[in-house]
Number of protein chains: 2
Amino acid sequence: MLKITRKVEYALIALRHMQSNPLDKLTSAKEIATLYGIPQQLLAKTLQQMARDGIIEAVQGPAGGYRILAKLDRISLKDFFEKLEGPLGMMDCYFDSDCIQIGACNIRIPIQRINDNMRNMFAQMTLQEVTQ
Amino acid sequence: MLKITRKVEYALIALRHMQSNPLDKLTSAKEIATLYGIPQQLLAKTLQQMARDGIIEAVQGPAGGYRILAKLDRISLKDFFEKLEGPLGMMDCYFDSDCIQIGACNIRIPIQRINDNMRNMFAQMTLQEVTQ
DNA sequence: GATATATACGACATTTTTAATCGTATATAT
DNA sequence: ATATATACGATTAAAAATGTCGTATATATC
Ligand code: FES
Ligand code: FES
């Protein structure tokens, strides 16, 4: 439990790779996939999603690829996680109220407190710190 | 991602319930299961595990049940989570070195930093705070 | 203009993890 | 003896994560 997904892991690897060479250089999904031994198609989808989210920029055609677009020190880890994986909650009932324990639950408030702590922690870390 | 398991959820519900009435009172798995609408057998196993871990005490036979044994303000959330679910790492390679990216990985160190932050956060919260 | 290479993306299949159930044994109050 | 509770390994079911496939589109190069 409390694991991050491969998708996020791959996204971080890609960002860190792009961060490590000139910012205007284009890097293809294939390049990163073979270099770090990760499934190319899956990585490609993740990169496409990050492009939709404005984190990176995509250039099509041969000699195309991706490059970093956003200021990574302006994106919190919380926002990054939520862009890729949706709302961040240790339990589903943190957001939706369709929990099993309709009215009987006795830990909703305490769990929310823990969750707020966690969200807060990730809100205070930037993507820059992780990928630099 | 970053979700806690039902097992942990059920454990917290049970602890909070026991916390809310006299500490020497015995509560059966069935009682808690029906009260909060959770699978009895699954809850029972979780309670048994907590008993093995010394968090609660089990009394067999009719009129038996469980009651809190440990000082909940001496158990960190990190320890509690790890007792129930094993080592706490956002990625498997935090502990074991059998990661896919044998030598090529570029985010190991950064991820460990995030992970340490998270572990630290849970190490600073006690079970008491959550269940009181 | 044909070709090769890259992104774009929905649909499907596989694998892994989590959740729940089953069956049986043991303890003990009544 | 009986009923009720814990104890626990084994199995099944459900859900989520991971990976693959097929096809479309853009564009640099020849
Ligand atoms: S478990 Fe969902 S509200 Fe408590
Ligand atoms: S992903 Fe495991 S070491 Fe980087």
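The analysis underlying the following values was restricted to heavy atoms, covering all of them including side chains, and did not include hydrogens, waters or symmetry mates. Letters go in sequence order (proteins before strands), and every chain restarts at 1. Because the structure is a prediction, the values reported are computed rather than measured.
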| Between C:dT5 atom P and A:L26 atom CG, what is the distance in whole Å? | 17 Å

| remark: In whole angstroms, the gap separating C1' of D:dA7 from CE of B:M50 amounts to 15 Å

| said: Taking only side-chain N and O atoms of B:Y10, does any of them lie within less than 4.0 angstrom of OP1 or OP2 on C:dA19? | reply: no

| task | For A:M1 and for A:L47, find the nucleotide of DNA chain C with the closest heavy atom, then tell me which residue's nucleotide is more 5'. | result | A:L47

| task | Grab the CZ-C1' distance between B:R6 and C:dA20 for me, whole Å please. | result | 11 Å

Please tabulate, one pair per line, all N/O donor-acceptor pairs under 3.5 Å involving side-chain atoms of residues 59-67 of chain B, not counting sequence neighbours.
{"residue": "B:R67", "atom": "NE", "partner": "B:E57", "partner atom": "OE1", "Å": "3.1"}
{"residue": "B:R67", "atom": "NH1", "partner": "B:D24", "partner atom": "O", "Å": "2.7"}

| Would the number of heavy atoms belonging to other residues, nucleotides or ligands and lying under 6.0 Å from NZ of A:K25 be above 12? | yes

Each nucleotide N or O in nucleotides 23-30 of chain C that has a protein N or O under 3.5 Å away: list the pair and distance.
{"residue": "C:dA27", "atom": "O4'", "partner": "B:Q60", "partner atom": "OE1", "Å": "2.5"}

| request: Give a yes or no on whether a salt bridge exists between A:K3 and A:E9, defined as a side-chain N under 4.0 angstrom from a carboxylate O. | output: no

| query | Does C:dA27 have a Watson-Crick or wobble partner in any strand here, with both distances under 3.5 angstrom, and which is it? | reply | D:dT4

| said: Output the rounded distance in Å from CG (B:L84) to C1' (C:dA19). | reply: 15 Å

| note | Separation of D:dA16 atom C1' from A:M91 atom CE, nearest Å, is 17 Å

| task | To the nearest Å, give me how far apart CD (B:Q49) and P (C:dA19) are. | result | 13 Å

| C:dA19 P sits how many Å from B:Q40 CD, rounded? | 19 Å

| So do the side chains of A:Q132 and A:L72 get within less than 4.5 Å of each other, counting heavy atoms only? | no

| request: May I ask you to say what A:A44 touches in the nucleic acid, namely base, sugar-phosphate or nothing, with a heavy-atom cut-off under 4.0 Å? | output: nothing

| query | Donor-acceptor pair under 3.5 Å: do we get one between B:K45's side chain and the base of C:dT21? | reply | yes

| query | At under 4.0 Å between heavy atoms, what does B:A51 touch on the DNA or RNA strands: base, sugar-phosphate, or nothing? | reply | nothing

| note | Rounded to whole Å, CD1 of B:I56 lies from C1' of D:dT6 at a distance of 11 Å

